[in-house]
Amino acid sequence: MTALIMGILNVTPDSFSDGGRHADPEAAIAHGLRLRAEGADILDVGGESTRPGAERVPAALEQERVIPVIRALAAAGAVVSIDTMNASTARAAIGAGARIVNDVSGGLADPELLAAVAETNADIALGHWRGPSADMYARAQYGSVVADVRAELAERMAAAAAAGIPPARVIVDPGFGFGKQGAQNWELLHGLPRIVGMGPRVLVGTSRKRFLADALEDRDAGEATEVRRDLATAVTSVLADEAGVWAVRVHDVAATRDALRIAGLGKGTDPWSPTRSR
Ligand code: PMM
């Protein structure tokens, strides 16, 4: 089976990678529908930037940004996830039709979040996280990054179970770029089979991240352009797919869809089957 594609819909004025293009709800809804038409299986709506150095935004402002967008996209039949670290936003988003709560902090940032999700039928994506974006690189100290991420994700899975969330509703995400420096991300990418071996569905988000841009920079080109980052993302998404992940979270849905399709040709599976699932 080919990995599902989660399309990123950041409804923020300061996202590092789509630069606040979708801060007004109408534009965000239109972009979400376009991502769906391009092949996104899930739309991940977020109202708070987690870019390195980002400050937190109040939950009320986050909800003002995301709730109308979630309501419209869910009403149009899309599977929507809410990218939030706040229990109150998770609750409101599920009320508006979101089916997955995507918490990059794995339930650590808001101690109420896991219990809030447990009361619903929503799935939870638990990200590997070592602390707020404002100073996350200070915590990028690992013995073995893959072994440490595995162990810390297992702790978050145990916390989700203790809060009453059945294991079948849990997704794990190794958190590329979150408290990880350049080379640690590559080690994690090639260690993905060991994360997949943990059991739950695995979600992976490498899209346009700094470690890709750093790898692309060369003497002539300077800062990697968005187009080059999207191509790099399509490559890392194929590698993640080959490791057996359940879904990849990307900005450029069309490029990743094409890459997954090309990589899957001749393998005896039809990555285009509308019933494909993982
Ligand atoms: N990365 C970002 C935001 N949300 N969610 C998951 N599950 N995994 C990620 O790696 C992840 C995420 C930061 O990137 P963005 O600002 O481009 O959305």
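Both ligands and their constituent atoms are indexed starting at 1 by order of listing. Note that the numbering runs from 1 along the sequence shown for the chain. This is a predicted model, so every value here is computed, not measured. Computed over heavy atoms, backbone and side chain alike; hydrogens, waters and symmetry mates excluded.
Using a cutoff of 4.0 Å between basic side-chain nitrogens and carboxylate oxygens, D123 and R99 are not scored as salt-bridged. Ion pair K180/E187 not flagged as a salt bridge, since none of the NZ, NE, NH1 or NH2 atoms sits closer than 4.0 Å to an Asp/Glu carboxylate oxygen. R56 has no carboxylate O lying under 4.0 Å from a charged side-chain N of E62, or vice versa, which leaves the two without a salt bridge.
The main-chain N or O of A96 is never found under 3.5 Å from a side-chain atom of R71 such that the two would form a donor-acceptor pair.
By the side-chain contact (heavy atoms from CB on, under 4.5 Å) test, D83 pairs with D44, N102, V104, R249, sequence neighbours left out. By the ring-ring contact (aromatic ring centres under 6.0 Å, His included) test, F211 pairs with F176, W186, sequence neighbours left out.
Neither the backbone nor the side chain of R208 has a heavy atom within less than 4.0 Å of ligand 1. Within the 4.0 Å heavy-atom criterion, neither part of V204 lies near ligand 1.
Between N10 and ligand 1, at least one pair of N/O atoms sits closer than 3.5 Å. Residue I8 has no N or O atom closer than 3.5 Å to an N or O atom of ligand 1. Between H251 and ligand 1, an N or O atom pair is found at a separation short of 3.5 Å.
The CZ atom of R150 sits 6.0 Å away from atom CE of M198, with the distance rounded to the nearest 0.5 Å.
Heavy-atom distances between K209 and ligand 1 reach below 4.0 Å in at least one pair.
Close approach of ligand 1 to G205 is summarised as follows: ligand atoms under 4.0 Å from at least one heavy atom of the residue are 10 (O). Remark: ligand 1 atoms within the under-4.0 Å shell around heavy atoms of D173 are 6 (C), 7 (N), 8 (N), 9 (C). The ligand atoms of ligand 1 that sit less than 4.0 angstrom from a heavy atom of L203 are 7 (N).
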